[in-house]
Trainee: 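After the structure tokens below, expect a handful of questions from me.
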Amino acid sequence: TSVLPTGRLRIEIADSGEGIAAERLPSIFEAFNRRGTTRGQVGGTGIGLIITRRLVDLMGGDVGVESELGVGATFWVDFPVASNPKFPEPMAQDESLGHFDANLHQHCVLCIDDNPVNLKLVAQLLTKRPRIHLISAHSPGLGIQLALGRQPDLILLDINMPGMDGYQVMEVLKTYARTKAIPIIAVTGNAAPRSSALGGATGLADYLTKPLDAEKFLATVDRWLEKGRNESGVSDVV
């Protein structure tokens with residue numbers, strides 16, 4: 001750890017492994033890039049570095065790597081340093097994760113969309129369903145983390161997002177036992193019929209286009225939550 005002349009804090013992690021070839025360094029932070037190896041040779045899904053980059057970006061930082069074949073690699077992250085940091089008072093409960101009433105069956109819905117306006121709209125629409133608890137992610141990487149950690153009953157997924165598109169996010173979620181069975185509804189501005197057909201072919205539960213029709217949106221959410229409730233044997237009214 002060191003402070004750069006620019007005033008930013010740098011954290012470095014180095015290893016003495018096989019290293020990364022120079023021609024592969026520019027693409028090392030791309031989704032599913034596994035340094036040219038096959039899935040059977042190296043564990044993981046190839047999204048760790050892109051999630052790292054997205055999280056560092058959200059904190060106003062930078063991330064990079066330097067490497068030499070046969071010598072090793074050094075990954076670094078830079079963060080801005082506040083001159084007078086102020087820490088918020090602890091909340092009585094984590095409002096970002098919400099609170100579940102143990103005596104009331106609630107449904108957890110995850111919405112992944114990089115547009116804050118769309119996230120707000122979905123939140124407003126779902127206020128009509130008081131037993132639905134919504135969690136939101138404004139980046140693909142954060143969405144994957146929340147899906148794996150919270151295992152929601154339903155995922156609303158934007159398709160056109162920077163870094164990873166919705167189909168790539170879905171491919172990752174389908175590789176994990178805890179998320180592969182969660183129904184995923186595409187909520188996208190791409191209304192072309194060809195795209196709708198592609199959605200069904202790739203395993204999406206449903207495909208909604210923007211601007212959202214409120215009644216159709218709520219009916220679709222109700223239908224898939226009802227389907228999941230019936231399959232789990234739980235009887236409840238949304």
Trainee: With heavy-atom distances below 4.5 Å as the criterion, would you say the side chains of Arg129 and Val221 are in contact?
Mentor: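 SC-SC contact between Arg129 and Val221 ruled out.
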Trainee: Are any of the side-chain heavy atoms of Val187 and Asp113 separated by less than 4.5 Å?
Mentor: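 No; the side chains remain at least 4.5 Å from each other.
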Trainee: Tell me the closest heavy-atom pair linking Ser136 and Leu119, and the distance in Å.
Mentor: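 Between these two residues, the closest heavy atoms are CB-CD2, 4.1 Å.
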Trainee: If every non-hydrogen atom of Gly203 is compared with every non-hydrogen atom of Lys174, which pair is closest and at what distance?
Mentor: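 So the minimum-distance heavy-atom pair works out to O-NZ, 4.3 Å.
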Trainee: Which pairs, with at least one residue in residues 139-149 and sequence neighbours excluded, count as a salt bridge (charged side-chain N to carboxylate O under 4.0 Å, His left out)?
Mentor: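 Residue pairs passing salt bridge (charged side-chain N to carboxylate O under 4.0 Å, His left out), neighbours aside: none found.
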Trainee: If you compare all heavy atoms of Ala147 against all heavy atoms of Ile155, which two are closest, and at what distance to 0.1 Å?
Mentor: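 Heavy atoms of Ala147 and Ile155 come nearest at CB-CD1, 4.2 Å.
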Trainee: For Gly143 and Ile112, work out which heavy atoms get closest and say how close.
Mentor: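 That would be CA-CD1, 3.7 Å.
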Trainee: Measure the spacing between CG of Leu208 and OG1 of Thr220 and express it to the nearest 0.5 Å.
Mentor: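 Leu208 CG to Thr220 OG1: 4.5 Å, rounded to 0.5 Å.
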Trainee: Side chain to side chain donor-acceptor pair (under 3.5 Å) with Asp114: which residues, sequence neighbours excluded?
Mentor: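 None.
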Trainee: Taking salt bridge (charged side-chain N to carboxylate O under 4.0 Å, His left out) as the cut-off, I'd like each qualifying pair that reaches into residues 158-167, sequence neighbours left out, listed once.
Mentor: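 Output for this query lists Asp158-Lys210.
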Trainee: Between Ser67 and Gly72 (side chain of the first, backbone of the second, donor and acceptor by atom type, cut-off under 3.5 Å), is there such a pair?
Mentor: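 Indeed, once roles are kept as given, a pair shorter than 3.5 Å links the two residues.
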Trainee: Quick check against the 3.5 Å criterion: does Asp153 have a side-chain atom that pairs as donor or acceptor with the backbone of Val109?
Mentor: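 Not a single qualifying donor-acceptor pair exists.
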Trainee: With sequence neighbours left out, what residues match Arg223 under side chain to side chain donor-acceptor pair (under 3.5 Å)?
Mentor: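 Arg223 satisfies side chain to side chain donor-acceptor pair (under 3.5 Å) with Asp206 once adjacent residues are dropped.
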Trainee: Working to the nearest 0.5 angstrom, can you tell me the gap between Asn160 CG and Tyr167 OH?
Mentor: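 Interatomic distance, Asn160 CG to Tyr167 OH, rounded to 0.5 Å: 8.5 Å.
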Trainee: Do the side chains of Leu126 and Phe217 get nearer than 4.5 Å, heavy atoms only?
Mentor: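 In short, these two side chains touch, coming nearer than 4.5 Å.
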Trainee: Can you tell me how far apart CD (Glu66) and CD (Glu12) are? Round to the nearest 0.5 Å.
Mentor: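 CD of Glu12 is found 7.0 Å from CD of Glu66.
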Trainee: Any chance you could measure Cys111, atom SG, to Leu134, atom CG, to the nearest 0.5 Å?
Mentor: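 Separation between the atoms: 6.5 Å.
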Trainee: Going hydrophobic residue to hydrophobic residue with side-chain gaps under 4.5 angstrom, can you get from Val169 over to Leu204?
Mentor: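 Yes.
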Trainee: Any side-chain heavy atom of Leu173 sitting closer than 4.5 Å to one from Leu157?
Mentor: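 When only atoms from C-beta onward are counted, Leu157 and Leu173 do not touch, as no gap falls below 4.5 Å.
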Trainee: Once rounded to the nearest 0.5 Å, what's the spacing between atom OG1 of Thr188 and atom CG of Leu156?
Mentor: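 Rounded to the nearest 0.5 Å, the OG1-CG separation comes to 12.5 Å.
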Trainee: Could you give me the CA-CA distance, side-chain angles and deciding distance for Leu110 and Arg150, then say whether side chain to side chain contact (heavy atoms under 4.5 Å, CB included) is met?
Mentor: CA-CA 9 Å; Leu110 168 63; Arg150 297 297 298 273; over 6 Å; no
Trainee: Which heavy atom in Ile182 sits nearest to a heavy atom in Pro152, and how many Å separate them?
Mentor: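 Minimum heavy-atom contact is CD1-O, 3.4 Å.
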Trainee: Which pairs count as side chain to side chain donor-acceptor pair (under 3.5 Å) when at least one residue sits in residues 68-79, sequence neighbours excluded?
Mentor: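 Non-adjacent pairs meeting side chain to side chain donor-acceptor pair (under 3.5 Å): Arg10-Asp78.
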Trainee: To the closest 0.5 Å, what do you measure between CG (Leu69) and CZ (Arg24)?
Mentor: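 So the CG of Leu69 and the CZ of Arg24 are separated by 9.5 Å.
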Trainee: Answer whether the closest heavy-atom distance between the side chains of His107 and Leu154 falls below 4.5 Å.
Mentor: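 SC-SC contact between His107 and Leu154 ruled out.
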Trainee: Do Leu148 and Met170 sit in one hydrophobic cluster, given that two such residues count as connected whenever their side-chain heavy atoms are within less than 4.5 Å of each other, even indirectly?
Mentor: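 Linked, Leu148 and Met170 end up in one cluster.
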Trainee: With sequence neighbours excluded, tell me which residues meet side chain to side chain contact (heavy atoms under 4.5 Å, CB included) with Gln151.
Mentor: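 Gln151 satisfies side chain to side chain contact (heavy atoms under 4.5 Å, CB included) with Arg178 once adjacent residues are dropped.
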Trainee: Return yes when atom CD of Gln124 has more than 12 non-hydrogen atoms of other residues, nucleotides or ligands closer than 6.0 Å, and no otherwise.
Mentor: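 Result for CD/Gln124: enclosed.
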Trainee: How far apart are the closest heavy atoms of Ala73 and Val65, and which atoms are they?
Mentor: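 Heavy-atom minimum between the residues: CB-CG2, 4.5 Å.
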